[in-house]
Amino acid sequence: MSDAKNPVIEPVEIPSTNGGEPVIEPVEIRRPEVSTSSTTGWGLWEVFVRSSRGLSHVHAGSLHAPDAAMALRNARDLYTRRNEGVSIWVVPADAIAASDPDSKGSFFESPQGKDYRHATYYTKSEGVKHL
């Protein structure tokens, strides 16, 4: 398991920039530090709330709790006091993997040769005001 001080290097398939085969490069993956209260030992939980059926869960915040059941109850009391949600997810913060912001270039780079994904070379037609 990795932590913020010891990131894990894992191979990630990156689309080719010239239309060829994808390239596999090592990417540094960091997990956020697990923040626990020094007096209680409670873990940090991230809370996601779905406001209504058909919508996605949205990150609402985080809280400390000793287990998942208590995290759910505390999330319900803290983040849905005014009937804001129909569903809640709680996830241990140490279970969330995050990419390294310093590896943004290679990790999120759009492959060249797929210009159709970006409408930058189209000319704006006359009379179209909102492009």
Side-chain angles (χ1 to χ4, degrees):
M1 179 174 283
S2 68
D3 58 27
K5 294 178 183 175
N6 298 315
V8 173
I9 306 295
E10 292 185 6
V12 173
E13 184 176 306
I14 298 172
S16 173
T17 57
N18 58 7
E21 293 294 318
V23 178
I24 297 178
E25 292 186 8
V27 173
E28 183 179 296
I29 298 176
R30 288 193 227 177
R31 290 176 179 252
E33 284 188 42
V34 176
S35 175
T36 58
S37 171
S38 61
T39 57
T40 62
W42 290 7
L44 180 65
W45 297 79
E46 298 298 329
V47 179
F48 299 86
V49 175
R50 180 191 293 178
S51 60
S52 64
R53 291 188 182 272
L55 296 179
S56 300
H57 283 80
V58 176
H59 185 251
S62 57
L63 54 82
H64 290 275
D67 56 23
M70 181 65 81
L72 269 175
R73 278 184 269 164
N74 290 346
R76 178 200 60 204
D77 294 343
L78 187 61
Y79 294 106
T80 61
R81 286 181 285 189
R82 298 175 192 92
N83 289 330
E84 293 97 342
V86 295
S87 175
I88 299 173
W89 289 349
V90 292
V91 180
D94 61 348
I96 297 173
S99 64
D100 179 20
D102 296 334
S103 300
K104 175 185 167 192
S106 62
F107 195 69
F108 293 106
E109 184 174 330
S110 176
Q112 291 182 357
K114 294 185 178 181
D115 292 339
Y116 57 86
R117 291 184 176 178
H118 307 282
T120 57
Y121 55 88
Y122 290 107
T123 57
K124 188 167 117 181
S125 300
E126 290 182 25
V128 177
K129 297 178 182 177
H130 302 292
L131 286 179

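Being a predicted model, the structure only gives us computed values, none of them experimental.
With Arg76 as the partner, the side-chain contact (heavy atoms from CB on, under 4.5 Å) test is satisfied by one option alone out of Asn74, Thr80, Leu78: Thr80.
Linking Ile, Leu, Val, Met, Phe, Trp and Tyr whenever their side-chain heavy atoms come within less than 4.5 Å leaves Leu44 and Val90 in two separate clusters. A continuous path of ILVMFWY side-chain contacts below 4.5 Å connects Leu72 to Val49, so both sit in one hydrophobic cluster. Linking ILVMFWY side-chain heavy atoms closer than 4.5 Å, directly or via other members, places Ile96 and Trp89 in a single hydrophobic cluster.
Across all non-hydrogen atoms, the minimal contact from Ala93 to Glu46 is CB-OE2, 3.9 Å. Between His57 and Ile88, the shortest heavy-atom contact is NE2-N, 4.3 Å.
Taking CG of Leu63 as the start and CZ of Arg73 as the end, the distance is 12.5 Å to the nearest 0.5 Å.
Shown here is Asp77, whose CG atom has more than 12 heavy atoms of other residues, nucleotides or ligands within 6.0 Å.
A 4.5 Å side-chain heavy-atom check between Glu84 and Ser51 finds every atom pair outside the cut-off. Here the side chains of Ser62 and Trp45 are not in contact, with every heavy-atom distance at 4.5 Å or above.
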